[in-house]
Amino acid sequence: MSAYKSEFLRVLAERGFIHQVSEPDQLDARARAGVITGYIGFDCTAASLHVGSLLPIMMLHWMQRTGHRPIVLMGGGTTRVGDPSGKDESRRILTDAAIGENLRAIRGIFDKFLTFGDGPRDAVMANNADWLNSLNYIDFLRDVGRHFSINRMLAFDSVKTRLERQQELSFLEFNYMILQAYDFVELHERHGCHLQMGGSDQWGNIINGIELGRRMLGAQLFALTSPLITTSSGAKMGKTAAGAVWLDADLLSPYAYWQYWRNTEDGDVERFLRLFTVLSIDDIARLAALRGQEINEAKKTLASEATALVHGRDAAAAAETAARQTFEEGVFARALPSVEIALADLEKGLGVLAAFSEKAGLVASNSEARRQVKAGGLKVNDTTVTDEKMILGPRHVTQDGVIKLSLGRKRHMLIKPV
RNA sequence: GGGGGAGUGUCCCGAGCGGCAAAGGGGGCGGACUGUAAAUCCGCUGGCUAUGCCUUCGUAGGUUCGAGUCCUACCUCCCCCA
């Protein structure tokens with residue numbers, strides 16, 4: 001790890017955010033001399049960001065924290081094209097309406113990590129649809145296209161792998177890198193942006209932007225990429241039973257989010273504390289020194305800190321309490337995720353299978369519920385379900401006024417009669 | 001334009017003499033063991049009002065008692081020739 005002099009690069013480096021930097025010495029000097037403006041692009045292919053996007057968001061956060069100005073670039077325009085990097089197939093083309101909806105849904109998350117405004121260090125939200133949608137094709141070819149060499153573009157990994165594997169690469173996708181490069185130039189002109197950050201897979205795209213900026217404007221631009229984060233057992237981050245680990249509380253409850261981090265593998269705890277919390281390096285070192293069973297304390301801290309960033313302190317504390325009551329004290333935790341059911345329906349009797357699948361959504365179908373009963377994976381009020389024909393009724397409501405359903409040891413739901 | 005090959009369980013890869021809800025992996029879920037970890041072992045992995053019924057093998061037809069498997073057309077992809 002080289003010794004950066006600017007706080008910005010030093011913090012990113014010591015926390016493990018840096019994979020590659022272009023001309024690190026010059027960037028370092030600039031960061032020390034004044035405010036740098038840098039951006040990261042986010043595409044709008046889904047209705048919420050997931051933990052995979054958390055790393056870039058944290059980079060922007062630290063950027064602002066260390067005195068610089070972050071730009072969040074929403075890919076309203078580029079999402080219409082689709083990034084071919086790392087994809088073995090063309091992406092589904094989304095409708096403009098869908099992109100617009102996704103974009104609106106995603107924006108909110110950034111408020112939790114960045115301070116937006118008009119001040120010199122306030123974060124800026126940009127959308128490349130603002131300039132890409134109105135491009136004139138011929139003008140664009142003459143002004144921008146002339147700076148791109150097909151020979152060189154063909155050598156880029158994202159293109160090369162597709163060609164080597166003889167997979168279709170549409171002209172549409174082929175243009176993605178040009179548009180992304182152009183974004184950098186546009187942001188430089190509009191906001192004086194000098195730095196583009198992103199995942200390591202974006203290195204080539206970012207360098208294209210730097211090249212284009214040099215040729216079109218004679219500007220000196222910089223690239224900074226973060227490593228690809230996988231768990232120590234090699235899996236990509238952000239996948240669980242229920243699917244992606246969304247940052248939106250409507251798609252994944254704060255409790256489930258907390259649980260995701262609580263279940264971090266031992267070998268990842270320290271790294272994740274540095275990347276996904278804002279605890280000081282000293283605090284992290286202390287937590288990372290814990291061994292054996294004690295490392296669970298570090299995991300709890302990781303979970304609460306990470307949850308607090310996304311969902312707020314209160315939600316994190318509630319999740320922690322619910323987890324402690326559920327796992328350590330074996331009592332009912334009212335803060336577990338819950339669904340309501342009409343009391344009248346409950347009085348009529350509710351089959352266990354339907355309760356787990358249709359009501360609680362813990363399993364995908366009645367058949368799945370049936371299988372779980374066979375495997376001993378379902379519990380009602382902490383008692384294993386042995387009869388798939390069991391009927392839940394008012395008598396199953398505990399003194400806390402709920403029925404607790406569990407799938408395995410870790411996933412719990414409360415049914416509340418109303 | 002001509003010749004050849006391929007598309008399989010909506011997570012992925014991949015076997016499949018005309019009797020197939022379809023081998024085997026990976027992944028995932030559950031169980032055991034643990035520390036709500038990893039590793040390991042075991043089970044499960046299309047749906048339903050369930051000893052049966054329904055929907056699945058690129059799409060649409062056809063042959064057959066019966067088709068993923070044979071025939072025809074179409075779509076998509078790949079290879080060779082031009």
Side-chain angles (χ1 to χ4, degrees), chain A residues 46 50 86-93 161-170 230-245 255-273 287-288 290-304 306-307 319-331 333 335-337 348-354 356-358 360-380 382-389 391 405-413:
Chain A
H50 51 83
K87 295 277 179 276
D88 27 10
E89 283 170 24
S90 295
R91 271 193 196 171
R92 211 161 51 86
I93 302 284
T161 53
R162 289 279 282 269
L163 293 179
E164 274 167 6
R165 293 161 85 173
Q166 273 139 359
Q167 273 156 341
E168 158 111 345
L169 176 69
S170 69
T230 54
T231 66
S232 27
S233 44
K236 273 189 201 145
M237 280 195 71
K239 288 285 196 151
T240 63
V245 181
Y255 172 78
Y257 189 77
W258 192 93
Q259 282 297 322
Y260 171 74
W261 293 104
R262 173 62 184 82
N263 286 300
T264 297
E265 294 171 29
D266 286 9
D268 294 327
V269 173
E270 181 182 1
R271 199 161 46 108
F272 286 2
L273 279 167
L287 289 167
L290 298 173
R291 285 290 166 269
Q293 220 181 117
E294 289 183 327
I295 202 170
N296 284 327
E297 289 309 312
K299 291 184 186 180
K300 287 179 207 166
T301 306
L302 169 63
S304 292
T307 304
E320 182 168 8
T321 302
R324 189 181 60 247
Q325 292 175 336
T326 304
F327 290 102
E328 295 175 29
E329 297 167 13
V331 299
L336 288 172
K348 271 183 256 169
L350 174 65
V352 256
L353 301 181
F356 275 92
S357 62
E358 286 149 41
L362 284 170
V363 295
S365 65
N366 284 6
S367 297
E368 171 68 18
R370 211 168 263 124
R371 271 181 232 119
Q372 290 295 356
V373 170
K374 281 204 193 81
L378 299 187
K379 293 198 185 86
V380 172
D382 296 318
T383 305
T384 303
V385 176
T386 50
D387 178 12
E388 63 179 52
K389 294 208 167 71
I391 302 293
L405 303 184
S406 310
L407 166 64
R409 289 161 302 155
K410 293 187 188 175
R411 302 170 60 200
H412 310 279
M413 268 266 179

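All chains are named by letter (A, B, ...) in the order of the sequence lines, taking the proteins before the strands, and each is independently numbered beginning at 1. Keep in mind that this is a model prediction, so the values were computed, not measured.
Pair assignment for G68(B): none, as no Watson-Crick or G-U wobble contacts are both less than 3.5 Å. Pair assignment for U63(B): none, as no Watson-Crick or G-U wobble contacts are both less than 3.5 Å. Under the Watson-Crick or G-U wobble criterion, with both distances below 3.5 Å, G30(B) is paired with C42(B). Nucleotide G1(B) has C81(B) as its partner under the Watson-Crick or G-U criteria, with both atom distances under 3.5 Å. Across all strands shown, A6(B) pairs with U76(B); the Watson-Crick or G-U wobble distances both stay below 3.5 Å. Nucleotide U51(B) forms a pair with no other nucleotide shown, judged by Watson-Crick or G-U wobble geometry with both contacts under 3.5 Å. Within the shown strands, nothing qualifies as a pairing partner of C20(B) under the Watson-Crick or G-U definition with both distances less than 3.5 Å. The nucleotide A15(B) finds no pairing partner, because no Watson-Crick or G-U wobble arrangement with both distances shorter than 3.5 Å includes it.
Looking at the side chain of Lys299(A), the nearest of the listed nucleotides U36(B), G30(B), G35(B) is G35(B). For Ser365(A), whose side chain is taken as the heavy atoms from C-beta onward, the closest listed nucleotide among G47(B), C29(B), U36(B) is G47(B). Closest to the side chain of Gln259(A), from the set U36(B), G30(B), A37(B), is U36(B). Checking C44(B), C48(B), G35(B) against the side-chain heavy atoms of Arg371(A) singles out C44(B) as nearest. Across A37(B), C29(B), G35(B), the shortest atom-to-atom separation from the side chain of Arg411(A) is found for C29(B). Taking every side-chain heavy atom of Asn366(A) into account, C48(B) is the closest of G30(B), G35(B), C48(B). Counting only heavy atoms from C-beta on, Glu265(A) has its side chain closest to A38(B) among C29(B), G35(B), A38(B).
Nearer the 5' end of RNA chain B, as judged by each residue's closest nucleotide, is the contact made by Gly292(A), out of Glu358(A) and Gly292(A).
Nucleotides G2(B) and A21(B) place their C1' atoms 42 Å apart, quoted to the nearest Å. Annotation: A67(B) and A60(B) have their C1' atoms spaced 15 Å apart (nearest Å). Separating the P atom of G43(B) from that of G24(B) is a span of 12 Å, rounded to the nearest Å. Nucleotides G3(B) and G14(B) place their P atoms 28 Å apart, quoted to the nearest Å. The same atom, P, is picked in C77(B) and in U8(B); the two are 15 Å apart, to the nearest Å. Nucleotides G46(B) and G1(B) are separated by 44 Å at their P atoms, to the nearest Å. Nucleotides C33(B) and U40(B) place their C1' atoms 9 Å apart, quoted to the nearest Å. Between G7(B) and C71(B), the distance separating the two P atoms is 14 Å to the nearest Å.
Counting to the nearest Å, the P atom of A37(B) and the OH atom of Tyr260(A) are 15 Å from each other. Taking atom CD on Glu320(A) and atom C1' on U36(B), their separation rounds to 13 Å, with Å as the unit. Summarising the geometry, the separation between CG on Leu353(A) and P on C48(B) is reported as 9 Å, rounded to the nearest angstrom. As rounded to whole Å, 16 Å separates atom P of U45(B) from atom CG of Leu407(A).
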Take Leu362(A) and Gln372(A) through the test side chain to side chain contact (heavy atoms under 4.5 Å, CB included) and record every step on the way to the result. CA-CA 11 Å; Leu362(A) 284 170; Gln372(A) 290 295 356; over 6 Å; no
Stepwise salt bridge (charged side-chain N to carboxylate O under 4.0 Å, His left out) test for Asp382(A) and Lys379(A): CA-CA 5 Å; Asp382(A) 296 318; Lys379(A) 293 198 185 86; over 6 Å; no
So Lys300(A) and Glu297(A), salt bridge (charged side-chain N to carboxylate O under 4.0 Å, His left out) or not? Walk me through it. CA-CA 5 Å; Lys300(A) 287 179 207 166; Glu297(A) 289 309 312; 3.1 Å; yes
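Considering only heavy atoms from C-beta on, Ile391(A) stays 4.5 Å or farther from Leu350(A) through its side chain. Using a 4.5 Å heavy-atom threshold, the side chains of His412(A) and Tyr255(A) count as touching.
The structure places CG of Asp266(A) at 9.0 Å from CZ of Arg291(A), a figure rounded to the nearest 0.5 Å.
Between A38(B) and Asn263(A), no contact under 4.0 Å exists linking OP1 or OP2 to a side-chain N or O. Not one side-chain nitrogen or oxygen of Lys374(A) sits closer than 4.0 Å to the OP1 or OP2 atom of U45(B). Contact check, Ser367(A) against C48(B): a side-chain N or O comes under 4.0 Å of OP1 or OP2.
Within 90° of 0 lies the glycosidic angle of C20(B), which makes this nucleotide syn.
Looking at heavy-atom distances under 4.0 Å, Glu294(A) makes no contact with the nucleic acid at all. Counting non-hydrogen atoms under 4.0 angstrom, Ile295(A) reaches a base of the nucleic acid.
For Glu388(A), the side chain to side chain donor-acceptor pair (under 3.5 Å) partners two or more places apart in sequence, or in a different chain, are Arg370(A).
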